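See below for the structure under consideration.
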Amino acid sequence: MGCPQVLSSARYKALGCYCPHDDGPFPKPGSMGPSPPGLEILSQLHVPCQSMSLLLLLLLGNLPSQDAATAIPIMTEDQNFPHLGESLQPPPRACPPRCSCPRDDTVSCDGLDLGLFPSNITKSAQHLSLQNNQLVEIPYNELSRLRYLRTLNLHNNQLSSEGLPDEAFESLPDLQYIYLANNQLTVAPQFLPRSLRIADLAANQLVEIYPLTFGEKPELRSVYLHDNQLTNTGLPFDAFRGSEAITTLILSSNQLSYLPPSLPSSLIRLHLQNNRIAKVPRGALGRHVQLRELYLQHNRLSDAGLDATTFSKLKSLEYLDLSNNRLGEVPEGLPPSLVILHLGRNQICHVPAGRLSGARGLQYLLLQHNPLGPGGLDLAAFQGLRGLHTLHLYASGLEQVPAGLPRRLHALMLPHNRISELGPRAFVATPSLVDLNLAHNQLTSAHLHHLAFCRLGHLQTLDLAGNRLTLLPQGLPGSLQVLRLPRNQLNTLDPEPMTNLSMLQELHLGHNRLRVGSIMPGTWQEVPSLKLLDLSHNELSFVPPDLPEALEFLYLQGNRISSVGAQAFLTTPRLRALVLRSNQLMMTSISPEAFLDLLHLEVVDTTGNPEPIIVRMPKRPKRPQRPQAH
C-alpha cells in the first residue's frame, strides 16, 4: 500500500517517511539528515503508513507558533514541488501568439503580417523563422538573448540596416544559417558569427560589405548576394579572407565593373551574370582549381578584357557562360575539362582552326546569334572536339550546312539561317545525328536532294518548319519519330515519301495549303504508329478519312470544315483530344453518332465556330472496382 495522499510523496520524502510498498525510491529514515525538532521520534517508530499520516497531522497541528522561544519551523510550501491537486505533467511550452512551435527548439511565425518582433520567444530556441512579415526592426535585447539560435529566417520583411543591430549577432555564437533576402538593407551587418554556414542577403539594396561580414568564417559554405547594388568599391579586397570553405558565391545582378580579385579559392560555383564587368584582371582566377561553374553572361566583356590565361588554370571548369557580351572571337586558353560553352549573342564573326581544340572535352557548344556569315567557320573549326554532342548555330548568317562537323554530333541546331539547298552529302559527316533543326531557312523542294537525309539512320526529330517546301521530303530515315513541317507551302501528300516512316509518332503540318482531295489514298496507312497529327490552318472541308488507328491527338482548327459525319472517326478508336475550333460548323453540323465509339475521348474543342455547338460525349465504361482486402 502506497504513501497516504494527504501529503504528496515528495513531502513525505522531505519528512523522512518511508513506505516499504511504495513505488517511489524514497530514502529510509535517517537518510535525509537530521529531522526537524519534535519529529525525530517519528523516524524511530515502525508504524504503518496510514498511522504515520495521522501522527504527522496531529503533531503538525499541535506545534507551537513561530513567536514562541522554542518555536519549531512550520513546513511551508516548497516551490520545487507541485501543490496539492496539481498535475505532475510538465507545463505546456510557451509559444508566441499565432505562431507555431512544432518542437521545443523551433518557432515559426511565417506570413502573419507581424509589425513587431515577438517578445516571448523561448530562450532555448534554435530555429526561428519570421519570413513574409512586415518587420522593420529587430530589437537588440530580444535577439541577443536567443543565444542558442542556429537558424534565423527574416526573409521578405521591411528591415533596414538601421533596424538590424550589428552587436546583437555577437551574442549568437552558434548561428549557422541566416536568411535576410528581400528586405531593404543598404549595408551588410558588420559582424556575423564565425559559426556561419549559409548567408542569404539577396534582393536588398546593399552597397557595402564589411571585412567581417563574411570574412573569418571557416565554416561558411554559401553566400547569396544577387540583386543588390554592389560595386567593386563596396566589396573590399579582404571581404572573404579567412573563409576558405565557400563553395557557392552568387553576385549576379549587381554593378561590378571587373571580376573581384581575391575570391575564395574553394569556389565551385561563381555567378557574376548581369553586372557591368568589362575586364577579368590577370590572375584573378589563377587559384580557382576547383571551380566548376562560371557565369559571366550579360556583361560588357570584350576581347581586350580577357587574355590567354584568363581561363587556362581552371582545371575543373565544366560550365562557362559568356553569352550576351561583346566578344569578337572565341576566348583563348579554354581548359580541357570544359563540357558546356555558351558564346551566344556576341559579335563573333570568325572561328579559326584550333581555337576550340584545347577544350577537347567539350560536349555542348552554343554559338547562336553571332555574325558568322558564309565564311565564319573554318573547315577545321571543330577539329579535336570528338565528344561534341550538341551544336547551336541558329541565326548566324549561314548559307549552307557547315563542313567539318564532328562525327559523333547528336544535335545540330541551324534554324533562322539562309540555307537554301541540301545536297546528297550535306550530312555525310554526321551519321549519328538524333535531332536536326533546319526551321526557318530558305529550303525549297527543288533544291532538297532525295538523298540528303538517307544516311541519318539514328535521326528521331527533324524540324523543317518555316521553309518553302511544296512536297514532303523524300528519303526520310525510318528512325524518325517527330517530323515538323508547319508554315511551308505543302499542297499535296503522297504515300511514297512515308513508306519508311513506320515509327513516326508526331506529324506537324499546320499552316500549309492542304485540301482533303490533295491527300492521296493510302497516305495514313504508311504511318501506323502516328499518335499526334496537326492539320490546323489548312484548306480542309471535312475530316480526312482513313486516319491511322493509333491516333490520339487530332488538330483541325482553322480549316473550312462544315460537317462531321457519323463515320468520321471510324478508324481512330483511341482518339483522346479533338480540336475543331474556328471552322464553319453549325449546331446541326456534327452527327450525334460521330463520337459514340470513341471511348477514350476526353476533349472536343468547337469554340470559334459560327454557332455554339453542344457535343454529345460518349459514355465511358465504368472501371471494375477492386475487391477489398479482408
Side-chain angles (χ1 to χ4, degrees), residues 469-473 476 480-486 488-606 608-610 613 615-618:
L469 302 175
T470 55
L471 300 170
L472 212 65
L476 294 173
L480 206 60
Q481 297 181 21
V482 179
L483 176 59
R484 297 182 55 84
L485 285 159
N488 276 277
Q489 301 171 17
L490 298 178
N491 53 31
T492 185
L493 289 180
D494 291 319
E496 184 180 353
M498 294 187 175
T499 53
N500 198 33
L501 302 182
S502 61
M503 298 179 64
L504 192 67
Q505 296 186 25
E506 295 185 20
L507 179 57
H508 299 262
L509 297 168
H511 291 274
N512 278 284
R513 300 176 180 176
L514 293 170
R515 300 183 179 183
V516 173
S518 64
I519 302 175
M520 298 296 105
T523 296
W524 306 119
Q525 278 66 45
E526 300 298 334
V527 284
S529 301
L530 197 66
K531 293 183 178 180
L532 185 151
L533 175 59
D534 185 356
L535 288 167
S536 62
H537 300 282
N538 276 277
E539 301 175 9
L540 304 176
S541 55
F542 56 89
V543 179
D546 301 323
L547 293 171
E549 183 178 348
L551 200 63
E552 297 181 8
F553 303 91
L554 178 58
Y555 298 90
L556 294 169
Q557 67 267 28
N559 279 280
R560 304 173 183 174
I561 299 173
S562 58
S563 65
V564 177
Q567 298 184 350
F569 307 106
L570 189 63
T571 61
T572 56
R574 302 178 187 176
L575 201 62
R576 295 171 53 193
L578 171 64
V579 182
L580 288 164
R581 187 172 59 244
S582 301
N583 275 281
Q584 298 179 10
L585 295 168
M586 308 293 286
M587 183 87 96
T588 58
S589 298
I590 300 179
S591 171
E593 291 80 25
F595 309 123
L596 290 182
D597 294 328
L598 303 180
L599 302 182
H600 302 280
L601 193 62
E602 299 174 357
V603 176
V604 177
D605 186 353
T606 58
N609 281 280
I613 298 170
V615 175
R616 186 179 175 185
M617 298 290 287

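These figures come from a predicted structure and were not determined experimentally.
Remark: side-chain polar atoms of N512 are not paired, donor with acceptor, to backbone N or O of N538 under 3.5 angstrom. The backbone N or O of Q489 lies less than 3.5 Å from no partner atom in the side chain of T470, so there is not a single donor-acceptor pair. Counting only distance, with no hydrogens or angles, the side chain of S562 and the backbone of L585 share no donor-acceptor pair below 3.5 Å.
Here the closest heavy-atom approach between residue P497 and residue P473 is recorded as CB-O, 3.6 Å. Shown here for V564 and A568, the closest heavy-atom pair between the two residues is CG1-CB, 3.8 Å. Summarising the geometry of S529 relative to S502, their closest heavy-atom pair is OG-O, 2.8 Å, with the distance given to 0.1 Å.
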Under 3.5 Å, which donor-acceptor pairs link side chains of residues 539-548 to any protein atom two or more places apart or in another chain?
from	atom 1	to	atom 2	distance (Å)
E539	OE1	R515	NE	2.8
E539	OE1	R515	NH2	3.3

| Yes or no on side chain to side chain contact (heavy atoms under 4.5 Å, CB included) for W524 and T571, after CA distance, side-chain angles and deciding distance? | CA-CA 11 Å; W524 306 119; T571 61; over 6 Å; no

| task | For L469 and L485, run side chain to side chain contact (heavy atoms under 4.5 Å, CB included): C-alpha distance rounded to whole Å, both residues' side-chain angles, the deciding distance at 0.1 Å, then the answer. | result | CA-CA 8 Å; L469 302 175; L485 285 159; 3.7 Å; yes

| Given F553 and D534, is the side chain to side chain contact (heavy atoms under 4.5 Å, CB included) satisfied, shown in steps? | CA-CA 8 Å; F553 303 91; D534 185 356; over 6 Å; no

| Under the side chain to side chain contact (heavy atoms under 4.5 Å, CB included) criterion, do L507 and M498 qualify, and how do the steps go? | CA-CA 11 Å; L507 179 57; M498 294 187 175; 3.7 Å; yes

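Rounding to the nearest 0.5 Å places CD1 of I613 at 8.0 Å from CG of L580. Between atom CG of residue L596 and atom OG of residue S591 there is a gap of 8.0 Å, rounded to the nearest 0.5 Å. Atoms CD and OG, from Q584 and S563 in turn, are 10.5 Å apart once rounded to the nearest 0.5 Å. To the nearest 0.5 Å, atom OG of residue S582 and atom CG of residue N609 are 7.0 Å apart. Rounding to the nearest 0.5 Å gives a distance of 8.0 Å between CG of L509 and CD1 of I519.
The environment of CD in Q481 is crowded: more than 12 heavy-atom neighbours from other residues, nucleotides or ligands sit within 6.0 Å. Heavy-atom contacts from other residues, nucleotides or ligands closer than 6.0 Å to CE of M587 number 12 or fewer. The neighbour count for E496 CD, taken as heavy atoms of other residues, nucleotides or ligands under 6.0 Å away, does not exceed 12.
Proximity of Y555 to L532: side-chain heavy atoms (C-beta onward) are separated by under 4.5 Å at one or more points. At least one side-chain heavy atom of Q557 sits under 4.5 Å from a side-chain heavy atom of S536. F595 has its side chain out of reach of L575: every pair of non-hydrogen atoms, C-beta onward, lies at least 4.5 Å apart. When side chains are defined from C-beta on, L514 counts as touching L493, because their heavy atoms get closer than 4.5 Å. The side-chain heavy atoms of L483 and H508, taken from C-beta on, include no pair separated by under 4.5 Å. Here the side chains of V579 and L556 are not in contact, with every heavy-atom distance at 4.5 Å or above. F569 is not listed as a side-chain neighbour of D597, based on a closest heavy-atom distance of 4.5 Å or more. Using a 4.5 Å heavy-atom threshold, the side chains of E549 and P528 count as separate.
Neither side chain, H600 nor E602, offers a donor N or O lying under 3.5 Å from an acceptor on the other.
Between R574 and E552 no salt bridge is recorded (no basic side-chain N to carboxylate O distance below 4.0 Å).
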